[in-house]
Amino acid sequence: MLYIGLDLGTSGLKGLLVDKDGNIIKEENAQYSVSYPHDGWSEQNPADWLIACRRVLANLARGNETRIGGISFGGQMHGLVILDAQDTVIRPCILWNDGRTARETAYLNDIVGKEKLSAYTGNIAFAGFTAPKLLWLRENEPQNFARIAKIMLPKDYLAYMLTGTFSTDYSDASGTLLLDVRNKRWSDEMCEICHIRKEQLPQLYESYAVIGKPKPEYGLPNAIVTAGAGDNAAAAVGTGTVENGACNISLGTSGTLFIASDTVSVDEKNALHSFCHATGRWHLMGCILSAASANKWWLEEILKTDDYDAAVRGAENLCGCNNVFFLPYLMGERSPHNDVNARGAFIGLSASTTREECSLAVLEGVAFALRDCIEVACAGGATVARTAICGGGAKSALWKQIIADVLNMPVDVPKTEQGPAFGAAMLAMVGAGAYTSVQDAAAHIVQVRETVAPNSQTAQRYNEKYSRFRRLYPALRQAMQ
C-alpha cells in the first residue's frame, strides 16, 4: 500500500506519496496567498486550502487510487477557523503569526493570571494562540462570534471536508490554550474564560488515530484518514524525534526547537510551550516567529536577489568573528520573550560593514534566538546532546554549520528532509496498521544522511558572541514599545 502525507503550510500545501519503507514516490505542491488587511494582521481563506488539497490529493493518487492505504496531515498551528451551523466558513482564518491580540493576551496573562493559565493548560498566553483570538473576535466582531458552531484549526478543516469528522489531535489542540495538556482534555475553565461551549470544539484524538475514511467523491476506497498533527510535531515524527530527550530544530517560516519527553514538563516562567506530542506523549517547544522568513526578507526584499548562495559566499570565513548582530524579531517574538512589540534590528554597523557581514548576521541571529530557547529548556532540567534539523533553511550547508557551532552540538540531517509531510505519511502508516506505533515507524524508516559536527574553536567564539547577543533585546526592549 501507499500513503499520503499532507503539510498545510503558510505559503502552500505540500503532499507526498510514500511507500511503507519511506521511499517518496511522488511529490506535489500548491501555493496560496496570505492577506495582511492591517499592520500586524495575517489571514488566509480556508477555501484556498481546500482547493489546494483537492488538487494535490488528485495528482498524488492518480493511477494508484486503490493502493492508497492512508492519509494524514501536518498543519500550521493556532489558526482560528470558525464555521456556522450550515458549515459555512464565517470569516478568513486568523493565522499563527497574527499579532492583533496584544490586548487579549495581556488580559489572559495579567488579569486571569499566568499561574492560573499554567494550571489550567500547562501554558501561558501568546499572541498567536487560538484563545486570545476568540476573545478578540468576541470584542471586535460580535456578530461573527455569535454565529460560531464549530471551532477548528487549519488542518482540521481539511480533515472535516475530507471525512466529515469534526476532529483535532492533542498536539495541535495544545496550541489553542484551550487544552488541559496534562490530562488531555478540553479545559472547562478556559472554555468559560473564552465564552465558548465544549460542543463547539472538535473531538480529541491521538495523531495516529483513525478518524474516518475519505468521502466517496475523492475516489480513494481503501484509504483511512488519521487525525494528523501540528506541523512541528509532524516534523518531529519525520525526523525521528520520538524518544525521550530527542531534539529537532525546524528552520521554516518560523523556527522551532522541539524536545520530546515522556512526561509533562513546564518551565517555571512558561517561556517554552508544554505540548502533547504526536507519539501519544509530550514535548517542550520553543518557537521563534522569524527564521527562514527573516533570511528571505533580507535577501529578496532588501538586497533584491534570489541568489541565496551568492549573498553569503565567503562569509564562512567570518563565522565567529562577525561584528554585526541581528535581532530576528520581524513579526514580534514568541519564545522566550513573548513580546508582540519586539522588532528586528542590526547592531554593530560601521562604515566598513559589508553585505556579507549583514547576510551572515541574519543566519547567526536566528541561531542565537534558537539557543535562547535551548538555554531555557536546559535550565529547566532538559538534557540535549544533539539535534536533528529540517525545514527549508536546512538546505543551507553554512546555516547548518552555524547551528552546530552556536549550540555546540552535532546536528543530524535526515536522509529525507520533508519534515511535516513525511511525518504525516508515517502517521497514516500507523493508523493503517503498517506499524504498531509511531516509534516503531521511526525506527524502521528514519535514517541520518549526514552529521554536521561543531568546530570547537568557532563554537567557543560563538559562545562569547552569544553572551553579548542575549543582552541586546533587554537593552532595546523599551525602545521597541
Is a side-chain N or O of [X] found less than 3.5 angstrom from the main chain of [Y], in a donor-acceptor match?
{"X": "Asn338", "Y": "Ala125", "result": "yes"}
{"X": "Lys14", "Y": "Leu6", "result": "no"}
{"X": "Thr226", "Y": "Ser207", "result": "yes"}
{"X": "Glu333", "Y": "Leu289", "result": "yes"}
{"X": "Ser437", "Y": "Asp440", "result": "yes"}
{"X": "Ser290", "Y": "Ser293", "result": "no"}
{"X": "Asp169", "Y": "Glu206", "result": "no"}
{"X": "Asp19", "Y": "Gly22", "result": "yes"}

Just wondering, do [Y] and [X] contact through their side chains at under 4.5 Å, heavy atoms?
{"X": "Trp298", "Y": "Phe346", "value": "yes"}
{"X": "Cys319", "Y": "Leu360", "value": "yes"}
{"X": "Glu243", "Y": "Arg281", "value": "yes"}
{"X": "Met409", "Y": "Val384", "value": "yes"}

Would you give the length of the straight line joining atom [atom1] of [X] to atom [atom2] of [Y], rounded to the nearest 0.5 angstrom?
{"X": "Ile249", "Y": "Trp399", "atom1": "CD1", "atom2": "CH2", "answer": "11.0 Å"}
{"X": "Leu303", "Y": "Asp306", "atom1": "CG", "atom2": "CG", "answer": "11.5 Å"}
{"X": "Ile211", "Y": "Thr165", "atom1": "CD1", "atom2": "OG1", "answer": "5.0 Å"}
{"X": "Gln44", "Y": "Ile94", "atom1": "CD", "atom2": "CD1", "answer": "12.5 Å"}
{"X": "Ile374", "Y": "Ile259", "atom1": "CD1", "atom2": "CD1", "answer": "5.5 Å"}
{"X": "Gln460", "Y": "Asn463", "atom1": "CD", "atom2": "CG", "answer": "5.5 Å"}

When you look at [atom1] of [X], are more than 12 heavy atoms from neighbouring residues, nucleotides or ligands closer to it than 6.0 Å?
{"X": "Lys415", "atom1": "NZ", "result": "no"}
{"X": "Glu217", "atom1": "CD", "result": "yes"}
{"X": "Asp307", "atom1": "CG", "result": "yes"}
{"X": "Lys296", "atom1": "NZ", "result": "no"}

Verdict with reasoning, Ile25 to Val18, per side chain to side chain contact (heavy atoms under 4.5 Å, CB included)
CA-CA 5 Å; Ile25 310 301; Val18 182; 6.0 Å; no

Could you walk me through whether Asn295 and Val366 satisfy the side chain to side chain contact (heavy atoms under 4.5 Å, CB included) test, starting with their C-alpha distance in whole Å, then the side-chain angles of each, then the deciding distance to 0.1 Å, before giving a yes or no?
CA-CA 9 Å; Asn295 194 39; Val366 170; over 6 Å; no

Could you point out which residue of Val225, Ile68, Leu16 forms a side-chain contact (heavy atoms from CB on, under 4.5 Å) with Ile4?
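Answer after filtering Val225, Ile68, Leu16: Ile68.
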
Distance-only polar pair, side chains of [X] and [Y], donor-acceptor under 3.5 Å:
{"X": "Thr168", "Y": "Asp156", "answer": "yes"}
{"X": "Gln401", "Y": "Glu316", "answer": "no"}
{"X": "Glu300", "Y": "Tyr308", "answer": "yes"}
{"X": "Ser187", "Y": "Asp180", "answer": "no"}
{"X": "Glu364", "Y": "Asn322", "answer": "yes"}
{"X": "Ser42", "Y": "Trp96", "answer": "no"}
{"X": "Thr176", "Y": "Thr130", "answer": "no"}

Please test Tyr466 against Asp372 for side chain to side chain donor-acceptor pair (under 3.5 Å), starting from the C-alpha separation and ending with a verdict.
CA-CA 9 Å; Tyr466 174 68; Asp372 275 344; 2.6 Å; yes

For the ring pair [X] and [Y], is the centre-to-centre distance below 6.0 Å?
{"X": "Phe129", "Y": "His273", "answer": "yes"}
{"X": "Tyr329", "Y": "His337", "answer": "yes"}
{"X": "Trp282", "Y": "Tyr170", "answer": "no"}
{"X": "Phe126", "Y": "His78", "answer": "no"}

Which atom of Gly431 lies closest to which atom of Ile224, heavy atoms considered
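Closest approach of Gly431 to Ile224, heavy atoms only: C-CD1, 3.8 Å.
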
Ion pair [X]/[Y], N-O distance below 4.0 Å:
{"X": "Glu450", "Y": "Lys400", "value": "yes"}
{"X": "Asp98", "Y": "Lys133", "value": "no"}
{"X": "Lys155", "Y": "Asp172", "value": "yes"}
{"X": "Glu417", "Y": "Arg449", "value": "yes"}

Run the side chain to side chain contact (heavy atoms under 4.5 Å, CB included) test on Ile288 and Leu370 for me, step by step, so that the C-alpha distance in whole Å, both residues' side-chain angles and the decisive distance to 0.1 Å come before the verdict.
CA-CA 7 Å; Ile288 64 173; Leu370 288 167; 4.0 Å; yes

Determine, stepwise, if the pair Glu464 / Arg468 fulfils salt bridge (Lys or Arg N to Asp or Glu O under 4.0 Å).
CA-CA 7 Å; Glu464 295 168 0; Arg468 295 172 59 193; over 6 Å; no

Take Asn455 and Thr458 through the test side chain to side chain donor-acceptor pair (under 3.5 Å) and record every step on the way to the result.
CA-CA 5 Å; Asn455 180 293; Thr458 309; 3.3 Å; yes

Using the rule given for side chain to side chain contact (heavy atoms under 4.5 Å, CB included), can you reason through Leu13 versus Cys53, listing the C-alpha separation, both sets of side-chain angles and the distance that settles it, and then say yes or no?
CA-CA 7 Å; Leu13 186 142; Cys53 179; 4.1 Å; yes

Test salt bridge (Lys or Arg N to Asp or Glu O under 4.0 Å) on Arg386 and Asp412 and set out the steps.
CA-CA 8 Å; Arg386 64 193 308 125; Asp412 295 322; 2.8 Å; yes

Decide whether a cation-pi geometry holds between Lys465 and Phe325; the criteria are a distance under 6.0 Å from NZ or CZ to the six-membered ring centre and an angle within 45° of the ring axis.
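Judged by the rule (NZ or CZ under 6.0 Å from the ring centre, within 45° of its axis), Lys465 counts as positioned above Phe325.
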
Check the angle between the aromatic planes of [X] and [Y] and answer parallel, tilted or perpendicular using the 30° and 60° thresholds.
{"X": "His283", "Y": "His277", "result": "perpendicular"}
{"X": "Phe166", "Y": "Tyr160", "result": "perpendicular"}
{"X": "Tyr157", "Y": "Trp49", "result": "perpendicular"}

For a side chain to side chain donor-acceptor pair (under 3.5 Å) check, start with the C-alpha distance between Asn123 and Ser274, then their side-chain angles and the critical distance, and finish with the verdict.
CA-CA 6 Å; Asn123 296 279; Ser274 182; 5.3 Å; no

Stepwise side chain to side chain donor-acceptor pair (under 3.5 Å) check, Tyr462 with Asn408:
CA-CA 9 Å; Tyr462 271 133; Asn408 195 19; over 6 Å; no

